[in-house]
Amino acid sequence: MKKTLGIAIISVLTAVAGIIVYLYISPAKTPPYEIAVVRRGSLIRQVSATGIVDSALSVQVGSRASGTVKEIFVDYNSPVKKGEILALIDPEAFYAELSQAEAGLEVANANLARQEASLLYSKALLEKAQAQLRNERLKIKRTETLFDDGFASDSQYDEAIASYETAVAEQKARASGYQAEREAVNAGKAQIAQIEGAVRLAKANLGHTEIRSPMDGIVVSRNVELGQTVAASLQSPTLFVVAQDLSTMEITANVSEADIGEILINQEVTFKVDAYPEHVFGGKVKEIRIEPNIEHKTVSYSVIAVVDNKDFKLRPGMTADVWIKTGYRENVLLIPTIALKQEAGKRQVEVLEGNEAGVRAVQTGIKGAEGYIEVLSGLNEGESVVLSKKR
């Protein structure tokens, strides 16, 4: 009995195993295609790019004065106000230049005062000579009349002529002296104007020894050390970089020439940085620059996006993977992009009807970043399109 029962159990198990093999191992009678079902959904079209995070406005602060750095008042990450002194170049040589210019101005003013007094004296002598000449001119006329009427002798007439000629010469000499004094005064005034310019320049150079912040912000870079010699004669060196406000940042993204035509002002921008790989930041397109960036025969254009950074997670210099949203469709028919084929300039797909696939022309809209494309006409929701043949 036991032997018979064992044989029966083995037979049953063998039959069950045969059924399993038949159901799961034998080839299914399914169409030999990889398919996808036409469905409705939302689609986002976006352009990808790489970019650099930076402050919305940063200024390189240099020095117009050459000399030794005497004091430094700020460091990295120091908040600063507009006009605040960041560093001081040793001002002693500039004070000396100013003192020398101011002393020269005092001497020039004193010389001008003497020249103006001399001009007044020369003017008085000229006026006196002119008066004397007028008197001699009248005198010679009277003498000529008396001489013609026989009441004046030859010697009296000759004496009147000599006095007149002397007055003429005196008037000319005084006029020449007066003109020379005027020219001296004008030269003195010009010298004073020149020295006043030197004084203003010396004051300006002295003021340049105080390196001041051009705006409210934060020091993001300090490139100077105490005691360092700054040479500003050829090119102004950058001592500090001051960022205006890190609560608002900018991303400069390089967009390829093939995609730049889709970018518009105020389009939405999303991006990630390596420091926060799980966090998606957002912003908007602020500027599209027309200047091309050409590198290794590849052309791109700079797109500037403004980004909110009130949590101060973003820092200048971070690299970012950027996506710019250029289109959006909601509740539209979607198929995988790989199902689409191009034939004689027309777009078409293979549609599965039963176990056979037939070609059908379609019109498409935007292509999404998720590998799907919008179908405008030619397909209905629920139909199956062929992706590829099974191997």
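Listed by first and then second residue, the salt bridge (Lys or Arg N to Asp or Glu O under 4.0 Å) pairs that reach into residues 191-203 come to none, sequence neighbours excluded.
Taking all atoms of both residues into account, the shortest heavy-atom contact from V220 to A243 is CG1-CB, 3.8 Å. The two atoms that bring V230 and P237 nearest to each other are CG1-CG, 3.4 Å, heavy atoms only. A pairwise comparison of heavy atoms in G282 and F271 identifies N-CE2, 4.2 Å as the closest pair. Contact record, T143 with A160: OG1-CB, 3.6 Å, taken as the closest heavy-atom pair. The shortest non-hydrogen separation linking E330 to S42 is CG-OG, 3.7 Å. Taking every heavy atom of both residues into account, V80 and I218 meet most closely at CG2-N, 4.4 Å.
Side-chain heavy atoms closer than 4.5 Å link hydrophobic residues (I, L, V, M, F, W, Y) into clusters, and following such links, even through other members, never connects V386 to V375. Hydrophobic clustering (ILVMFWY, side-chain heavy atoms < 4.5 Å, transitive): V273 and I251 are in one cluster. Both I265 and I260 are members of a single hydrophobic cluster when ILVMFWY side chains are connected at heavy-atom separations under 4.5 Å. One hydrophobic cluster, built from ILVMFWY side chains closer than 4.5 Å, holds both L86 and I72. Both V269 and I288 are part of a single hydrophobic cluster, where members link through side-chain heavy atoms under 4.5 Å apart.
The backbone N or O of S118 lies less than 3.5 Å from no partner atom in the side chain of S122, so there is not a single donor-acceptor pair. Side-chain atoms of D149 never come within 3.5 Å of backbone atoms of F151 as a donor-acceptor pair (strictly under, hydrogens ignored). Of the possible polar contacts, one joining the Q228 side chain to the E225 backbone as a donor-acceptor pair under 3.5 Å is found. The closest donor-acceptor contact from the side chain of R360 to the backbone of G378 lies under 3.5 Å. In terms of modelled atom types and a separation under 3.5 Å, the side chain of N309 and the main chain of L246 share a donor-acceptor contact. Under the 3.5 Å distance criterion, the side-chain polar atoms of S163 are matched with a main-chain donor or acceptor of E159. Distance alone, capped at 3.5 Å, is enough to place a donor-acceptor pair between the N109 side chain and the L105 backbone. Y76 places a side-chain N or O within 3.5 Å of a backbone atom of R222 that can act as its donor or acceptor partner. A donor-acceptor contact shorter than 3.5 Å links the side chain of E374 to the backbone of I366. Side chain of T68 to backbone of K70: no donor-acceptor contact under 3.5 angstrom is found.
Taking CD1 of I140 as the start and CD of E136 as the end, the distance is 8.5 Å to the nearest 0.5 Å. Residue K313 holds its NZ atom at 11.5 Å from CG of D308, rounded to the nearest 0.5 Å. Between D158 atom CG and F147 atom CZ the span is 8.0 Å, to the nearest 0.5 Å. For the atom pair Y372 OH and L340 CG, the distance stands at 14.0 Å (nearest 0.5 Å). Between atom CD1 of residue I211 and atom CZ of residue R64 there is a gap of 10.5 Å, rounded to the nearest 0.5 Å. Expressed to the nearest 0.5 Å, how far NZ of K272 lies from NE2 of H279 amounts to 10.5 Å.
By the 4.5 Å heavy-atom criterion applied to side chains, P292 and Y301 are counted as neighbours. Inter-residue side-chain proximity for R137 and R134 is flagged as met; some heavy-atom pair is nearer than 4.5 Å. In this structure, L88 and T209 have side chains that are in contact, with non-hydrogen atoms separated by less than 4.5 Å. The side-chain heavy atoms of Y164 and L133, taken from C-beta on, include a pair separated by under 4.5 Å. At least one side-chain heavy atom of K123 sits less than 4.5 Å from a side-chain heavy atom of E127. Side-chain contact between E34 and I338 is absent, with no heavy atoms from C-beta onward closer than 4.5 Å. Residues Y33 and S388 fail the side-chain proximity criterion, which asks for heavy atoms closer than 4.5 Å. Put simply, the side chain of Q267 does not reach to within 4.5 Å of the side chain of K325, judged on heavy atoms.
In this structure, T229 has no side chain to side chain donor-acceptor pair (under 3.5 Å) partners at least two apart in sequence or on a different chain.
Using modelled atom types and a 3.5 Å distance limit, the side chains of D245 and T248 yield no donor-acceptor pair. There is no side-chain donor-acceptor pair under 3.5 Å between S213 and E84.
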Checklist entry - Does the side chain to side chain contact (heavy atoms under 4.5 Å, CB included) test come out yes or no for N293 and V299, once each step is laid out? => result CA-CA 6 Å; N293 306 312; V299 180; over 6 Å; no

Checklist entry - Does the side chain to side chain contact (heavy atoms under 4.5 Å, CB included) test come out yes or no for V306 and I304, once each step is laid out? => result CA-CA 7 Å; V306 62; I304 312 301; over 6 Å; no

Checklist entry - For E170 and Q132, what are the C-alpha separation, side-chain angles and deciding distance, and is it a side chain to side chain contact (heavy atoms under 4.5 Å, CB included)? => result CA-CA 9 Å; E170 180 72 11; Q132 182 66 29; over 6 Å; no

Next on the checklist: salt bridge (Lys or Arg N to Asp or Glu O under 4.0 Å) for E291 and R289? Distances and angles first, verdict last.
Outcome noted: CA-CA 6 Å; E291 180 185 13; R289 293 181 179 169; over 6 Å; no

Item to check | side chain to side chain contact (heavy atoms under 4.5 Å, CB included) evaluation trace for I161 with E165 | outcome: CA-CA 6 Å; I161 292 175; E165 291 177 348; 3.7 Å; yes

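In this structure, Y276 and F281 have perpendicular ring planes: the angle between them is above 60°, well past the 30° mark.
No more than 12 heavy atoms of other residues, nucleotides or ligands lie within 6.0 Å of CZ in R315, so this atom counts as exposed by the packing criterion. Within a 6.0 Å sphere centred on CD of E144, heavy atoms belonging to other residues, nucleotides or ligands number more than 12.
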Check residues 45-61 and write down every donor-acceptor pair under 3.5 Å in which the side-chain atom is one partner and the other belongs to a residue at least two apart or another chain.
{"unit_1": "R45", "atom_1": "NE", "unit_2": "T326", "atom_2": "OG1", "d": "3.3"}

